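Quick note: numbers below take in every heavy atom, side chains included, and nothing from hydrogens, waters or symmetry partners. Source: prediction; values computed, not measured.
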Number of protein chains: 2
Amino acid sequence: MTERTPTEAARDIPEATVARLPVYLRALTSLAEAGTATCSSEELASAAGVNSAKLRKDLSHLGSYGTRGVGYDVEYLRYQIAREIGVTQDWPVVIVGIGNLGHALANFSGFRSRGFRVVALLDADPSRHAEQVAGVDVRPFSDLAAIVAEHGVAIGVISTPAHAAQDVADAMVSTGIRSILNFAPAVLSVPDGVDVRKVDLSIELQILAYHEQRKGPAGLEGRLEAPA
Amino acid sequence: MTERTPTEAARDIPEATVARLPVYLRALTSLAEAGTATCSSEELASAAGVNSAKLRKDLSHLGSYGTRGVGYDVEYLRYQIAREIGVTQDWPVVIVGIGNLGHALANFSGFRSRGFRVVALLDADPSRHAEQVAGVDVRPFSDLAAIVAEHGVAIGVISTPAHAAQDVADAMVSTGIRSILNFAPAVLSVPDGVDVRKVDLSIELQILAYHEQRKGPAGLEGRLEAPA
DNA sequence: AGGAGTTTGTGAACGCGAGAACAAACCGGC
DNA sequence: GCCGGTTTGTTCTCGCGTTCACAAACTCCT
């Protein structure tokens with residue numbers, strides 16, 4: 001996290017910008033599919049749902065890929081962002097925990113089309129090892145090390161119950177995985193140098209509930225209501 | 001978003017703090033289940049995966065619920081946070097789009113145990129209306145307004161394909177739903193007063209990929225590697 | 001009762017990100 | 001070749017969030 005390879009540019013892009021680059025990438029893909037060859041920062045910002053000033057500042061961190069007075073070449077900028085993120089080639093990914101959510105993730109087509117390839121599905125439960133999900137065999141969790149070594153996996157997804165998550169994370173780290181996407185509602189502790197991103201469905205709903213509670217006791221405005 | 005009911009406290013809690021309250025809530029529940037009656041800010045912070053100073057400042061926004069020299073009463077603090085978030089009673093929720101992800105969400109037990117109750121599953125595809133998922137019938141999307149009115153639904157979840165998301169959001173807003181959790185990879189535009197939170201699996205992976213790319217070309221440290 | 005030890009709650013400094021505003025640069029017409 | 005119109009890239013300012021550091025307050029022991 002501290003030192004980078006000094007040969008490359010090594011300009012450090014702000015974390016907030018990194019989080020938005022994938023959004024711009026998708027907006028550009030959408031524009032390209034609609035046949036748009038060029039777009040202004042205003043158009044792209046609107047498609048991505050952000051402020052145009054913010055968009056320009058974000059893009060300025062990667063370089064000067066626009067043309068003043070004209071705008072951005074959609075295909076060119078799309079490639080530059082994809083390259084910066086690192087999704088010009090596919091990343092191999094393993095998914096551990098093939099419950100309801102694991103199934104959904106394995107079948108999610110967006111992974112394939114956005115730079116990721118699910119190379120293995122793992123589960124500790126032997127009764128699942130007969131299954132095949134999305135054309136990929138479910139294999140025993142003990143195969144993790146072999147699979148990681150074989151495919152050069154660097155990213156792991158955890159969709160197990162909470163109580164198993166830390167063990168899975170430990171195993172992932174010991175095989176060399178350095179990036180983990182965690183869907184289990186648990187706090188993972190990992191060594192330095194390993195990134196963990198957490199997606200927690202309950203937390204998102206609870207945040208919504210907080211704001212909802214503050215908006216008002218019931219639907220006051222924007223809806224005609226008949227008194228009960 | 002601007003004015004609150006002047007009768008209540010109306011202290012505004014910073015957004016960053018709101019996002020962490022559910023994490024504290026879960027950590028406290030976990031401590032309570034382990035039989036812990038009292039905990040210090042250091043312990044709770046460690047269980048929640050944050051800095052203890054940050055935890056104390058966060059909690060200070062809700063009031064003074066701790067005792068200096070002693071710490072926090074686990075059960076008492078747990079209730080106070082649950083009350084602040086608004087999950088002391090269950091929130092009715094509708095899920096629209098019963099594909100792979102919709103199935104997983106409907107079956108997710110964490111909703112029920114954390115203050116939410118799925119009252120309806122909706123899908124536009126008539127061939128799905130025969131199904132029953134997690135004990136709840138799948139009903140036609142056109143029933144949305146009736147269901148929302150019947151149960152007083154304020155929170156909607158969108159797990160449709162991207163191209164349908166905006167239409168679903170519009171319909172939700174028109175029925176009075178003011179909080180939306182969106183899993184579709186699309187930018188939703190909604191009127192003021194409606195909150196949208198977005199969960200995007202591809203984006204999370206792409207952020208990981210960016211950092212992974214910067215860590216180094218291959219597994220250099222922490223893993224013994226045999227030259228291919 | 002008093003003092004030592006512990007832990008909370010908060011005031012202040014610091015850094016990051018958002019947004020506005022503007023200069024630099026490019027295109028097209030004359 | 002020059003000028004007006006347009007759009008990018010950047011500078012500056014402001015506000016929010018994080019972190020440090022410490023005073024206030026509580027318990028326990030003597």
Side-chain angles (χ1 to χ4, degrees), chain A residues 1-2 9 11-24 27-28 31 36-78 80-81 84 203 207 210-211, chain B residues 1-2 9 11-24 27-28 31 36-78 80-81 84 187 207 210-211:
Chain A
M1 271 304 176
T2 52
R11 47 177 183 258
D12 52 334
I13 298 178
E15 193 55 35
T17 296
V18 171
R20 282 187 293 267
L21 289 181
V23 181
Y24 303 152
L28 285 166
L31 285 175
T36 311
T38 296
C39 69
S40 69
S41 65
E42 203 76 44
E43 291 172 82
L44 181 54
S46 145
V50 301
N51 189 305
S52 73
K54 198 190 303 194
L55 170 75
R56 287 199 301 275
K57 179 173 275 193
D58 282 342
L59 293 185
S60 76
H61 287 117
L62 340 173
S64 284
Y65 295 134
T67 308
R68 300 181 189 217
V70 177
Y72 300 94
D73 181 290
V74 171
E75 198 52 50
Y76 180 59
L77 182 59
R78 202 188 69 80
Q80 292 300 335
I81 293 180
E84 190 69 41
I203 287 182
I207 295 171
Y210 169 83
H211 292 297
Chain B
M1 272 304 177
T2 52
R11 46 174 183 262
D12 52 336
I13 298 179
E15 193 53 38
T17 296
V18 171
R20 282 187 293 266
L21 289 181
V23 181
Y24 303 153
L28 285 166
L31 285 174
T36 312
T38 297
C39 70
S40 69
S41 66
E42 203 76 43
E43 292 172 82
L44 182 54
S46 145
V50 301
N51 189 304
S52 73
K54 197 190 297 194
L55 170 74
R56 285 200 301 277
K57 176 151 279 192
D58 282 343
L59 293 185
S60 77
H61 288 116
L62 341 172
S64 283
Y65 295 135
T67 309
R68 300 181 190 219
V70 178
Y72 301 93
D73 182 289
V74 170
E75 199 50 51
Y76 180 59
L77 182 59
R78 203 188 69 78
Q80 292 299 338
I81 293 180
E84 189 71 40
V187 176
I207 294 172
Y210 170 82
H211 292 296

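Here CG of A:L31 is found 13.5 Å from OH of A:Y72. Values are rounded to the nearest 0.5 Å. With values rounded to the nearest 0.5 angstrom, A:R20 atom CZ is found 10.5 Å from A:E15 atom CD. Interatomic distance, CG of A:L44 versus SG of A:C39, reported as 4.5 Å (0.5 Å rounding).
Two residues are said to be in side-chain contact when any heavy atoms from C-beta on lie closer than 4.5 Å; B:D73 and B:L77 fail this criterion. Using a 4.5 Å heavy-atom cutoff, the side chains of B:Y65 and B:L59 are not in contact.
Note that the first and last nucleotides of DNA chain C, 5' to 3', having any atom under 4.0 angstrom from a heavy atom of chain A are C:dG17 to C:dC27.
The shortest non-hydrogen separation linking B:V187 to A:G49 is CG1-CA, 3.9 Å. B:H61 and B:T17 make their closest contact through ND1-OG1, 3.8 Å (heavy atoms, listed as atom of the first residue, atom of the second, distance).
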Reading nucleotides 9-19 of chain D from 5' to 3' and marking B where a protein heavy atom lies under 4.0 Å of the base, S where only the sugar-phosphate is that close, and - otherwise, the string is BBBB----SBB
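Near DNA chain C, defined here as any heavy-atom distance below 4.0 Å, there are no residues from residues 40-48 of chain A.
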Run the side-chain contact (heavy atoms from CB on, under 4.5 Å) test on A:V18 and A:E84 for me, step by step, so that the C-alpha distance in whole Å, both residues' side-chain angles and the decisive distance to 0.1 Å come before the verdict.
CA-CA 9 Å; A:V18 171; A:E84 190 69 41; over 6 Å; no
From CA spacing to verdict: side-chain contact (heavy atoms from CB on, under 4.5 Å), B:V50, B:V23:
CA-CA 10 Å; B:V50 301; B:V23 181; 5.7 Å; no
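Within a 6.0 Å radius of CD in B:E43, other residues, nucleotides and ligands contribute more than 12 heavy atoms.
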